[in-house]
Amino acid sequence: MLTGLSITWPQATNGNLQSIKMGGTVIFNTSTGGGTLTTSSLLGTTAQRTIAANGGTAALTFNFQNNVDTNANNYTGSATFNPFGIVTDLP
């Protein structure tokens with residue numbers, strides 16, 4: 001189950017982070033500036049933030065105010081899953 005997220009982005013290029021989805025579920029919807037976010041205050045039910053242990057997948061989609069920078073090295077990101085711990089997503 002997803003319990004936390006941490007991400008940095010190029011604020012000047014992307015603008016504010018508007019929302020984050022896991023699969024089709026909005027799990028964060030507070031406009032955030034400054035190029036950094038660390039949160040464990042996630043929306044959605046436990047079931048909506050859980051990935052099946054038998055090879056299941058779920059896409060995390062980050063929506064920004066502006067177009068994203070095409071250089072993935074300008075981003076960092078990790079997700080925390082219970083009971084597994086931190087998974088680095090970016091770069």
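The structure presented is a predicted model; accordingly, all values stated were derived computationally and were not measured. Below, all heavy atoms of this structure are taken into account, side chains as well, without hydrogens, waters or symmetry copies.
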Taking the side chain from [X] and the backbone from [Y], do they hold a donor-acceptor pair closer than 3.5 Å?
X: T32; Y: T30; result: yes
X: N16; Y: Q18; result: no
X: R49; Y: L2; result: yes
X: T3; Y: T80; result: yes
X: T8; Y: T76; result: yes
X: Q11; Y: G34; result: yes
X: Y75; Y: D69; result: yes

Please tell me if the side chains of [X] and [Y] come closer than 4.5 Å, counting only heavy atoms from C-beta onward.
X: T61; Y: I20; result: no
X: F81; Y: I51; result: yes
X: F28; Y: L5; result: no
X: L17; Y: Q65; result: no
X: T70; Y: V68; result: no

Spacing of [atom1] belonging to [X] relative to [atom2] belonging to [Y], to within rounding of 0.5 Å:
X: N82; Y: T50; atom1: CG; atom2: OG1; result: 9.0 Å
X: T45; Y: I27; atom1: OG1; atom2: CD1; result: 11.5 Å
X: D89; Y: S6; atom1: CG; atom2: OG; result: 10.0 Å

Quick check: closest heavy atoms across S78 and I86, and the distance to 0.1 Å? CB-CG2, 3.7 Å

List the residues meeting ring pair (Phe, Tyr, Trp, His ring centres under 6.0 Å) with F62, not counting sequence neighbours, and say none if there are none. none

Taking only residues two or more places apart in sequence or in another chain, which ones pass side chain to side chain donor-acceptor pair (under 3.5 Å) with T36? none

Just checking, is any N or O donor in the side chain of S19 or N63 under 3.5 Å from an acceptor N or O on the other one? yes

With a 4.5 Å cut-off on side-chain heavy-atom distances among I, L, V, M, F, W and Y, is there a chain of contacts connecting [X] to [Y]?
X: I7; Y: V87; answer: yes
X: L43; Y: L60; answer: no
X: F64; Y: L37; answer: yes

Tell me whether the count of non-hydrogen atoms from other residues, nucleotides or ligands lying under 6.0 Å of CG in N71 goes above 12. yes

